[in-house]
Amino acid sequence: MSVAMSGIGNSGEGAGGGRVKNAILIAGPTASGKSALALALAEKHGGVIVNTDSMQGYSILDVLTARPGAADMKRAPHHLYGHVHPSVAYSTGKWLRDVGKLIDAGTFARQRPIFVGGTGLYFRALSEGISEMPEIPQQVRDRWRYELNEQGAPRLHRILMQEDALAAMKLRASDGQRIVRALEVLEVSGRSILSWQAERGMPLIARDSAHFFVIEPDRAALVERIEARFDTMIERGALDEVRELAALRLDPALPAMKAIGVPELQAAMAGEIEFPLAIQRAKAATRQYAKRQATWFRHQLDERWQRVQPTDGLDLPL
C-alpha cells in the first residue's frame, strides 16, 4: 500500500532512473531575503524557481505568506506557489510528489532548478529522500480528526499507546496532528508509522552537483525586516485574505489556519483583542519562528551547506 513517489527520475533521463542535476538550494529564516536572491540567480543562470516553503504553497494567503508578486513571477518561472487550497493538510510527502511531477514534465530539462524557502524538512526530503507512506482514504482521515476534536489529543495518545507504544512514546501527548497521523497509518496499513519512516527513498537531486546555501542574516537586521514587512502586509491586504479564509469555516487545526498572522488577525476581527495588539503578537510570532528556523538550520544542515549573508548576492560560488 506504499505511495509511489513519482518523478524520481532525472530530467532528461526518464522517470525512475536518475536525479536532478545542478540544482541550487537556498534555505533561510523568514524575511531573510531568500526570494530576492533566488530571483537574481534565476535571471543570471536561466533558472526556474521552486517554492520550498510549506505556507507559501497555500492559495488565498498571497500577502500574508510573502509570496512572490506578479512582477517577480514575470521575471522568472515560479512553481508550487499558491497551488494548494487551505482545506488541504499539505505535507512534506505531497510537496515532494509535486516536485516529482515537475521533473516528469521536463521542467528542469533546460532550466536550472532553484529551490528556495524556509521549510527545513522539505530540503531534507529533497536532498536525502523521504519515507514512503500509505495513502490515507479521506473517510479515515476525517474520522480521526473528528475524534481529535471530540476526545482531545491526550485521549488519542492513550489509544496510540495501547496500539503502538513505541510510536506513542516518541510523541507528546498534546501533539494531536502527529498522533492522528500515527493512528491513520496504523489503521490503513497495519504497520507502525516508525517502520514506514525507517524506509527512506531516493533523493530527487544529485547531491554531488548541487549547490547548498543557507542564509544567516544579522539578527537585529532581520528583526527590523520582520517588523517592516508585516506592516506592509497589512497595507497590501492581509486583512482581506484573513477574512476570505475565515469565510471558509475550516478546521482551525489545519496548517493554513495556523499561518502566522491568521490566528492573531482573526482574534482581532472577532473583537477578542485590539488590532494593534494583534499586529504586535503576529510580529512577535514571526520573530520567534525565524529564531526556530535559524536554530534548525544551524543544527540540522550538514557541512555541504555554505553559510552566506543576504548581501552576498550574485557573488555566490556556482
Side-chain angles (χ1 to χ4, degrees), residues 5-8 10-11 18-39 41-42 45 47-58 65-68 78-81 83-84 90-103 107-108 111-133 197 200-217 222 255 259 289-310 312 316-318:
M5 299 294 288
S6 70
I8 300 300
N10 180 22
S11 55
R19 296 165 295 179
V20 177
K21 296 181 179 180
N22 300 314
I24 299 172
L25 284 66
I26 305 173
T30 188
S32 60
K34 302 182 300 295
S35 296
L37 175 57
L39 185 57
L41 291 175
H45 297 283
V48 54
I49 297 172
V50 183
N51 172 43
T52 315
D53 187 281
S54 60
M55 288 296 119
Q56 290 187 340
Y58 287 109
T65 60
R67 284 215 306 267
H78 288 67
H79 292 278
L80 305 188
Y81 288 91
H83 68 302
V84 181
Y90 202 52
S91 65
T92 303
K94 291 179 180 178
W95 176 82
L96 201 64
R97 284 191 287 274
D98 284 342
V99 174
K101 292 175 184 177
L102 293 177
I103 298 171
T107 305
F108 310 132
Q111 295 176 304
R112 192 171 191 175
I114 302 174
F115 296 89
V116 58
T119 301
L121 293 179
Y122 283 14
F123 284 110
R124 174 175 286 174
L126 183 69
S127 60
E128 300 178 11
I130 191 174
S131 307
E132 296 183 4
M133 288 286 171
Q197 291 172 342
R200 187 167 295 277
M202 180 187 296
L204 292 189
I205 64 167
R207 291 191 293 263
D208 56 353
S209 65
H211 295 271
F212 300 84
F213 302 105
V214 55
I215 297 178
E216 293 187 336
L222 182 62
Y289 177 56
K291 185 176 181 179
R292 291 196 302 272
Q293 286 178 298
T295 299
W296 196 96
F297 293 140
R298 188 162 53 250
H299 295 291
Q300 299 296 327
L301 299 182
D302 61 24
E303 66 281 354
R304 291 175 301 187
W305 290 81
Q306 300 180 59
R307 269 58 183 177
V308 299
Q309 295 296 314
D312 289 343
L316 296 179
L318 293 174

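Note that the coordinates shown come from a computational prediction; the quantities given were computed from them, not determined experimentally. Basis for what follows: all heavy atoms, side chains included, without hydrogens, waters or symmetry-related copies.
Residues Leu80 and Leu102 have side chains in contact (heavy-atom distance under 4.5 Å, counting atoms from C-beta outward). Side-chain contact between Phe212 and Ile205: present, with at least one pair of heavy atoms (C-beta onward) separated by less than 4.5 Å. Under the 4.5 Å side-chain criterion, counting only non-hydrogen atoms from C-beta, Leu41 is in contact with Ile26. The shortest distance between side-chain heavy atoms of Asp98 and Tyr90 falls below 4.5 Å. Looking only at side-chain heavy atoms (C-beta outward), Val214 and Phe123 stay at 4.5 Å or farther from each other. Looking at heavy atoms from C-beta onward, Thr65 lies out of side-chain contact with Tyr58 at the 4.5 angstrom threshold. For the pair Asn22 and Phe108, the minimum side-chain heavy-atom distance is 4.5 Å or more. Within the 4.5 Å cutoff, no side-chain heavy atoms of Leu126 are placed close to those of Thr52.
Residues Val116 and Ser35 approach most closely at CG2-N, 4.2 Å, considering heavy atoms. Closest approach of Lys34 to Gly118, counting heavy atoms only: CE-N, 3.9 Å. Of all heavy-atom pairs spanning Gln56 and Arg67, the tightest one is O-CD, 2.9 Å. Smallest separation of non-hydrogen atoms from Leu301 and Arg307: O-NH2, 3.7 Å. Contact record, Ser32 with Pro217: CB-CG, 3.8 Å, taken as the closest heavy-atom pair. Nearest heavy atoms, Ala31 versus Leu222: O-CD1, 3.4 Å.
A donor-acceptor contact shorter than 3.5 Å is absent between the side chain of Ser54 and the backbone of Thr119.
Taking a 6.0 Å sphere around NZ of Lys291, one finds it holds 12 or fewer heavy atoms contributed by other residues, nucleotides or ligands.
Side-chain atoms of His83 and Asn51 include no donor-acceptor pair closer than 3.5 Å.
Aromatic ring orientation, Trp95 versus Tyr122: parallel (interplanar angle below 30°, classes split at 30° and 60°).
To the nearest 0.5 Å, atoms CZ (Arg207) and CZ (Arg304) are separated by 5.0 Å.
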